[in-house]
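One structure below.
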Amino acid sequence: MKKIFKKLLPFMGLLLFSCSPENLTDGNETITNSDSNDSGISNANNSRVSNTNTSKIWNFDTLTEWEDATQVGNPNYWIESGNLHIFTNPNTWERSKVKTISSFTAGTYTWKVFIPEMGVGDMASIGAFLYNNDTHELDFEIGYGNQAIRNQLEADPDDLIAYMTSQANPFQSFKKKIKRGQWYTLSLELTLNSSRKYHVNWKINGELTGATQLTYGDKTKFKIFCSIENLTFIGDHIPNIQNYALFDSVEFKSN
């Protein structure tokens with residue numbers, strides 16, 4: 001019996017090695033509970049953070065890997081024919097949102113979204129954006145726009161206004177007219193410079209529409225958001241109609 005046991009020892013060692021905890025870890029994502037960004041603010045919610053070699057697309061057949069992020073009102077959204085249908089009601093300050101459970105860093109973020117007519121003068125914004133905290137946020141926000149901005153941009157009646165914004169570090173905002181009632185591809189490209197600080201490009205249908213060098217880098221990780229929010233900056237009055245958007249897909253590709 002002792003001779004048999006000695007012969008089995010090498011095989012038992014191989015078996016134990018092949019089942020070690022390191023080999024049971026998911027290779028695509030890691031759990032980070034203590035990562036902090038460049039400003040010393042820790043990631044909340046024990047979020048999953050994407051690995052460096054990641055390519056992911058969500059086609060909205062379900063809301064798997066997404067969670068509710070609504071701030072005001074009920075969760076106003078559902079899945080419809082492979083689209084995320086999300087809306088806000090009139091005469092409210094509802095803020096309907098969903099966000100990814102995982103967080104991401106440098107790469108290209110792409111939203112395919114239908115932009116409807118939207119209510120004339122309504123303070124309603126369709127959002128496709130990245131968020132870590134209020135000073136580390138990169139946005140597309142699309143709405144009717146207040147009359148002063150529409151006059152400045154010489155907007156036609158069938159134009160809406162797309163805002164492309166870094167909320168801080170530094171603050172930067174670009175504006176562009178787009179036609180309502182159409183599908184758009186919105187892209188945020190985050191690359192790292194030699195100091196490992198983000199540079200961001202905003203693109204609409206592949207056209208560069210804004211660019212900014214940021215003061216923070218890849219220690220700041222983002223969740224991806226789809227939203228429609230009734231917000232005062234983007235119109236002239238509380239919304240008079242139910243405004244909505246359709247998100248066909250969201251995609252992330254690491255650099």
Side-chain angles (χ1 to χ4, degrees), residues 21-58 65-67 69 97-113 127-141 162-176 185-227 247 249-255:
E22 291 79 7
N23 290 313
L24 296 176
T25 301
D26 184 344
N28 294 322
E29 294 181 334
T30 57
I31 302 297
T32 61
N33 296 337
S34 58
D35 286 342
S36 49
N37 61 32
D38 291 346
S39 62
I41 301 170
S42 296
N43 277 334
N45 302 323
N46 298 333
S47 59
R48 284 177 167 270
V49 178
S50 71
N51 213 347
T52 53
N53 298 314
T54 302
S55 179
K56 183 71 179 178
I57 185 166
W58 298 270
E65 299 181 1
W66 294 75
E67 60 186 351
K97 306 180 191 183
V98 296
K99 65 181 179 181
T100 55
I101 294 171
S102 295
S103 298
F104 302 86
T105 56
T108 299
Y109 300 79
T110 303
W111 296 257
K112 186 175 180 183
V113 55
F129 64 100
L130 306 179
Y131 184 87
N132 177 280
N133 58 50
D134 288 346
T135 58
H136 298 79
E137 178 179 354
L138 304 169
D139 304 320
F140 284 99
E141 295 179 283
Y163 293 75
M164 293 140 286
T165 305
S166 165
Q167 294 295 341
N169 297 303
F171 173 80
Q172 184 65 266
S173 188
F174 306 92
K175 304 176 189 68
K176 179 179 174 57
T185 300
L186 311 176
S187 296
L188 273 169
E189 297 177 348
L190 278 181
T191 55
L192 295 169
N193 66 13
S194 58
S195 300
R196 297 198 67 79
K197 304 299 183 185
Y198 287 131
H199 182 275
V200 56
N201 290 334
W202 288 265
K203 291 184 177 181
I204 299 178
N205 291 345
E207 175 190 352
L208 182 65
T209 51
T212 298
Q213 177 61 55
L214 303 175
T215 60
Y216 56 94
D218 58 354
K219 290 183 180 179
T220 299
K221 303 169 179 68
F222 298 99
K223 293 195 174 186
I224 309 170
F225 281 70
C226 303
S227 71
F247 287 86
S249 63
V250 174
E251 184 175 9
F252 170 76
K253 288 184 178 180
S254 62
N255 294 331

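Bear in mind the structure is a predicted one, so any value in this text is a computation, not a measurement.
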Polar side-chain atom of Trp111 near backbone of Phe225 as donor-acceptor pair, under 3.5 Å:
yes
Check the pair Phe174 / Thr212 against side chain to side chain contact (heavy atoms under 4.5 Å, CB included), numbers first and verdict last.
CA-CA 10 Å; Phe174 306 92; Thr212 298; 3.7 Å; yes
For Glu251, is there any backbone N or O sitting under 3.5 Å from a side-chain donor or acceptor partner on Thr110?
no
Set out, in order, the CA-CA distance, both residues' side-chain angles and the distance that settles ring pair (Phe, Tyr, Trp, His ring centres under 6.0 Å) for Phe222 and Phe104, then state yes or no.
CA-CA 5 Å; Phe222 298 99; Phe104 302 86; over 10 Å; no
For Phe252 and Gly107, the nearest pair of non-hydrogen atoms, with its separation, is CE1-CA, 3.8 Å
To the nearest 0.5 Å, tell me how far Glu141 CD sits from Met164 CE.
10.5 Å
Can you tell me how far apart NZ (Lys197) and CD (Gln213) are? Round to the nearest 0.5 Å.
9.5 Å
Taking C-beta and beyond as the side chain, do Thr105 and Tyr198 meet within less than 4.5 Å on heavy atoms?
yes
Only one of Asp134, Asn133, Asp139, Thr135 passes side chain to side chain donor-acceptor pair (under 3.5 Å) with Gln167; say which it is.
Asp139
Would you give the length of the straight line joining atom OG1 of Thr185 to atom CD1 of Ile204, rounded to the nearest 0.5 angstrom?
10.5 Å
Of Glu67, Glu65, Lys223, which is the lone residue that meets side-chain contact (heavy atoms from CB on, under 4.5 Å) with Thr100?
Lys223
For the OG atom of Ser227 and the NZ atom of Lys99, what is their distance to the nearest 0.5 Å?
12.5 Å
Do the ring planes of Trp58 and Trp66 sit parallel (below 30°), tilted (30 to 60°) or perpendicular (above 60°)?
perpendicular
Interatomic spacing from CG in Asn132 to CD in Glu137 - rounded to 0.5 Å
10.0 Å
Over all atoms of both residues, closest heavy-atom pair of Phe247 and Ala128:
CE2-CB, 4.4 Å
Check: Leu130 and Ile224 side chains under 4.5 Å, non-hydrogen atoms:
yes
From the list Leu138, Val200, Thr215, side-chain contact (heavy atoms from CB on, under 4.5 Å) partner of Ser166 resolves to Leu138
Looking at Asn255 and Leu190, would you say the former's side chain and the latter's main chain have a donor-acceptor pair under 3.5 Å?
yes
Measuring from Lys97:NZ to Tyr131:OH, what's the distance to the nearest 0.5 Å?
7.5 Å
Quick one, Leu186 with Tyr109, criterion side chain to side chain contact (heavy atoms under 4.5 Å, CB included). Give me CA distance, side-chain angles, the key distance, then yes/no.
CA-CA 8 Å; Leu186 311 176; Tyr109 300 79; over 6 Å; no
